[in-house]
Amino acid sequence: MDPNEQESAETKQSGSALVTAVSCHDIFDLSACQTDSSPLAKGAAFSFITAVQVVNQRLVKHNENETLRFEVILLGKDCEEQIKSKIFDSAKHYGLKIGKFYFCSRGEFVRTLQANNAKLFLSTDRDDVYGALKAGVPAALLCQQADQQVQDQLKVLFSGDLIGLSEDFIDCLKDFGFSAVQIQNFKAAKGCIQEFAMLIGKMRKRFGCEDSPLHTILITVLGSRDVCATALKTLRGWGLDVDEAFCLAGAPRNPILTTIQPHILWDDGLHNMKGVSPLMGMSS
């Protein structure tokens with residue numbers, strides 16, 4: 001890890017904080033770094049930060065001693081010194097409340113997440129997300145927003161096909177051609193998302209049904225309604241009652257995603273894998 005580490009004095013350390021590590025490559029556009037003093041352009045997922053800050057502001061407004069809030073750290077991989085300075089200055093320019101900045105090599109980013117007890121790692125890079133999941137770090141995809149204006153609601157979407165499958169059914173996936181490694185990865189992914197879902201559930205309960213700055217959604221693609229029902233039941237058991245649920249039963253999910261435009265997508269990837277077709281009509 002690079003010894004250059006900045007920590008905001010405003011950040012209150014708390015064991016209950018939802019420590020969320022975000023790739024700075026997604027918050028800022030690093031592909032066209034200016035040589036002048038102008039700030040970096042906003043990245044594909046910049047609106048995530050502004051939505052998170054709205055959630056934190058509302059939590060503190062409700063209870064000034066609230067400790068359950070997002071603590072965002074920015075993680076940069078293989079960044080040159082000039083880029084690091086631009087990231088610091090740009091975060092300040094846009095008024096982003098970032099708890100910490102970490103810069104490391106590509107091969108060290110998982111250890112950096114683990115060392116900081118990250119409850120969630122977010123990136124638009126699927127390889128990085130799956131790499132974190134395999135290492136036991138809860139991770140999800142950051143989604144690009146069509147509208148990069150300040151948003152007053154953070155949308156968290158769970159792709160719940162895996163959540164809706166029982167442990168016994170997951171073990172039976174070998175009969176459909178899935179390898180032992182894939183099945184183990186599915187179990188690990190399901191296990192490590194539980195803590196995140198529990199924290200989001202607690203946070204969501206801080207707000208009422210109306211005018212909440214935090215909106216949670218469940219979507220299932222595979223199987224019958226039973227998969228969706230089981231996923232809902234599982235999430236409720238973890239303390240999360242989602243605001244919306246979509247049971248697609250084999251229909252494409254992209255139209256729904258385009259309409260919802262979630263900031264965070266926890267995607268188990270099960271529906272994208274080869275050999276999944278026989279599961280379309282089956283339940284858990």
Side-chain angles (χ1 to χ4, degrees), residues 1-33 39-46 48-49 52 70-92 94 96-144 181-182 184-196 199 263-269:
M1 191 193 318
D2 190 290
N4 278 328
E5 173 189 332
Q6 297 278 334
E7 182 168 355
S8 170
E10 299 177 355
T11 300
K12 296 181 179 180
Q13 299 297 324
S14 170
S16 62
L18 207 169
V19 180
T20 305
V22 185
S23 171
C24 63
H25 301 263
D26 298 318
I27 302 305
F28 300 116
D29 182 3
L30 304 184
S31 63
C33 181
L40 292 166
K42 297 177 180 179
F46 183 89
F48 162 78
I49 294 288
V52 161
F70 285 95
E71 180 184 329
V72 178
I73 64 176
L74 281 191
L75 181 63
K77 297 178 298 181
D78 298 329
C79 294
E80 298 178 357
E81 290 300 323
Q82 179 185 358
I83 296 292
K84 295 177 186 178
S85 297
K86 296 287 286 187
I87 290 172
F88 294 142
D89 294 340
S90 299
K92 182 177 181 179
Y94 290 116
L96 304 184
K97 298 184 183 299
I98 307 299
K100 300 176 183 178
F101 298 82
Y102 283 95
F103 300 100
C104 60
S105 67
R106 179 172 293 275
E108 293 179 324
F109 91 94
V110 169
R111 279 181 289 177
T112 302
L113 295 173
Q114 294 170 329
N116 284 276
N117 193 31
K119 299 294 193 301
L120 182 67
F121 169 66
L122 296 173
S123 175
T124 58
D125 189 322
R126 286 181 178 269
D127 291 337
D128 281 352
V129 169
Y130 293 149
L133 285 171
K134 288 181 180 179
V137 177
L141 289 168
L142 267 177
C143 298
Q144 181 174 356
V181 172
Q182 288 175 319
Q184 187 59 41
N185 287 340
F186 290 151
K187 290 183 177 181
K190 184 175 181 179
C192 71
I193 200 60
Q194 181 174 351
E195 183 180 7
F196 169 67
L199 289 171
H263 297 89
I264 299 174
L265 168 59
W266 185 72
D267 184 7
D268 51 47

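Since this is a predicted model, take the numbers as computed values, not measurements. Hydrogens, waters and symmetry mates are skipped; everything else that's a heavy atom, side chains included, is used.
Side chain of E195 to main chain of P138: no donor-acceptor pair is present (N/O by atom type, distance under 3.5 Å, no hydrogens or angles). Side-chain atoms of D26 come within 3.5 Å of backbone N or O of T124 as a donor-acceptor pair.
In this structure, the separation between OH on Y102 and OG1 on T112 is 8.5 Å, given to the nearest 0.5 Å. The structure places CG of N116 at 13.5 Å from CZ of R111, a figure rounded to the nearest 0.5 Å. Rounding to the nearest 0.5 Å places CG of L141 at 8.0 Å from OG of S123. For the atom pair CD of E71 and CG of L18, the computed distance is 10.0 Å after rounding to the nearest 0.5 Å. With values rounded to the nearest 0.5 angstrom, L142 atom CG is found 11.0 Å from D125 atom CG.
With sequence neighbours left out, the side chain to side chain donor-acceptor pair (under 3.5 Å) criterion links S85 to no other residue. By the ring-ring contact (aromatic ring centres under 6.0 Å, His included) test, F28 pairs with no residue at all, sequence neighbours left out. Applying the ring-ring contact (aromatic ring centres under 6.0 Å, His included) criterion to F109, with sequence neighbours excluded, gives F121.
Here the closest non-hydrogen pair linking V110 and G131 is CG2-O, 4.2 Å. The two residues I27 and A45 have their closest heavy-atom pair at CD1-O, 3.6 Å. Closest approach of A132 and L113 over heavy atoms only: CB-CD1, 4.2 Å.
Annotation: side chain of I49 is in contact with side chain of I98 (closest heavy-atom distance under 4.5 Å). V52 is not listed as a side-chain neighbour of T20, based on a closest heavy-atom distance of 4.5 Å or more. Annotation: side chain of L120 is not in contact with side chain of L199 (no heavy-atom distance under 4.5 Å). A heavy-atom distance below 4.5 Å is found between the side chains of Y94 and F46.
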- [ ] Could you go through the side-chain contact (heavy atoms from CB on, under 4.5 Å) check for N117 and V19 one step at a time?
- [x] CA-CA 7 Å; N117 193 31; V19 180; 5.7 Å; no

Open item on the list: Does L30 form a side-chain contact (heavy atoms from CB on, under 4.5 Å) with I87? I'd like the steps, not just the answer.
Closed with: CA-CA 9 Å; L30 304 184; I87 290 172; 4.2 Å; yes

Donor-acceptor pairs under 3.5 Å, side chain of residues 72-80 to any protein atom, not counting sequence neighbours: which ones?
| unit_1 | atom_1 | unit_2 | atom_2 | d |
| --- | --- | --- | --- | --- |
| K77 | NZ | D128 | OD1 | 3.4 |
| K77 | NZ | D128 | OD2 | 2.1 |
| D78 | OD1 | R106 | N | 3.3 |

